[in-house]
J.: 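Mind having a look at this structure? Questions to follow.
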Amino acid sequence: MAKNKEVRNQADERRLLKQYLTRYYRLNERQAILQTRLAQLRHDLRRNADVDTSEIEAEIQGQAERAKDAAQEIIAILDLLPPYSIGRAIVEYRHIDCREWLDIQETLHMTASPCYDQYNRALDYLLRCKEVRAALKLDKRFSKRKNAEF
């Protein structure tokens, strides 16, 4: 019974870390949506000179700053992984380069199962680092909201 609870706790911690690492991707995705919206508004309202798009432009700039900050935080965490390790490469491809799993597997010449195993080992390694545990505890929005959107 204790082993089952430990496995469940490990899965929860991995999920939390994945959510934390996915922030950069989500912020970039949101920024792209805002840029598309701004371009559409400019196109639709180009004849009306009174239209003010500064609010959307400010939101896009804020989104870009948040994405930059998230990337820096994620890179600092990934620097804790051993350099040149397969696990580090997988986590970087996934969370910094925002690559799809199939693309990562093809790049590293790995099948799905070993790729996921290396990814999970890297996450477990990070979860043993006090800096990562502290970062996850500091950011309460990850632990208080199930299925949080970023």
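For clarity, every value in this text was computed on a predicted model and none was experimentally measured. Both backbone and side-chain heavy atoms feed into the values below; hydrogens, waters and symmetry mates do not.
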J.: Check for me, please, whether Tyr24 and Trp101 land in the same ILVMFWY cluster - side-chain distances under 4.5 Å, paths through other members count.
T.: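 Same cluster.
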J.: Go through Arg88 and Asp79 one step at a time and tell me if the salt bridge (Lys or Arg N to Asp or Glu O under 4.0 Å) criterion holds.
T.: CA-CA 9 Å; Arg88 180 181 178 140; Asp79 281 344; 2.7 Å; yes
J.: Out of curiosity, Asn28 CG to Gln35 CD, how far, rounded to the nearest 0.5 Å?
T.: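 Nearest 0.5 Å value for the CG-CD distance: 9.0 Å.
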J.: Give the C-alpha distance, both sets of side-chain angles, the deciding distance and a yes or no for side chain to side chain donor-acceptor pair (under 3.5 Å) between Gln63 and Arg66.
T.: CA-CA 5 Å; Gln63 212 54 32; Arg66 288 189 292 278; 2.5 Å; yes
J.: Looking at side-chain heavy atoms only, is the closest gap between Gln40 and Thr36 below 4.5 Å?
T.: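 Result no, sub-4.5 Å side-chain heavy-atom pair not found.
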J.: Ignoring hydrogens, what is the shortest heavy-atom contact between Arg94 and Arg99? Give both atom names and the distance.
T.: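 Closest heavy-atom pair between Arg94 and Arg99: NH1-O, 3.0 Å.
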J.: Does Ile77 form a side-chain contact (heavy atoms from CB on, under 4.5 Å) with Glu131? I'd like the steps, not just the answer.
T.: CA-CA 8 Å; Ile77 285 176; Glu131 298 91 342; over 6 Å; no
J.: Are Asp97 and Ile104 side-chain neighbours, meaning at least one heavy-atom pair lies under 4.5 Å?
T.: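 No; the side chains remain at least 4.5 Å from each other.
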J.: Under the criterion side-chain contact (heavy atoms from CB on, under 4.5 Å), I'd like the reasoning laid out for Tyr93 against Ile90: C-alpha separation, chi angles, the key distance, then a yes or no.
T.: CA-CA 5 Å; Tyr93 286 146; Ile90 293 169; 5.5 Å; no
J.: Test side chain to side chain donor-acceptor pair (under 3.5 Å) on Tyr116 and Asn120; report intermediate values, then the result.
T.: CA-CA 6 Å; Tyr116 298 138; Asn120 285 326; over 6 Å; no
J.: So do the side chains of Leu16 and Gln19 get within less than 4.5 Å of each other, counting heavy atoms only?
T.: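 Leu16 reaches Gln19 side chain to side chain.
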J.: Please confirm whether Arg23 makes a cation-pi placement over Tyr20, using NZ or CZ under 6.0 Å from the six-membered ring centre and within 45° of the ring normal.
T.: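 Checked: cation-pi criterion met.
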J.: Please name the pair of heavy atoms, one in Asp124 and one in Gln10, separated by the smallest distance, quoted to 0.1 Å.
T.: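 Taking Asp124 first and Gln10 second, the nearest heavy atoms are OD2-NE2, 3.0 Å.
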J.: Give a yes or no on this: more than 12 heavy atoms of other residues, nucleotides or ligands lie within 6.0 Å of atom OH of Tyr25.
T.: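 Count not over threshold, so no.
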J.: Output, in order, the C-alpha distance, side-chain angles, deciding distance and verdict of side-chain contact (heavy atoms from CB on, under 4.5 Å) for Gln118 and Met110.
T.: CA-CA 10 Å; Gln118 288 289 334; Met110 297 176 79; 3.9 Å; yes
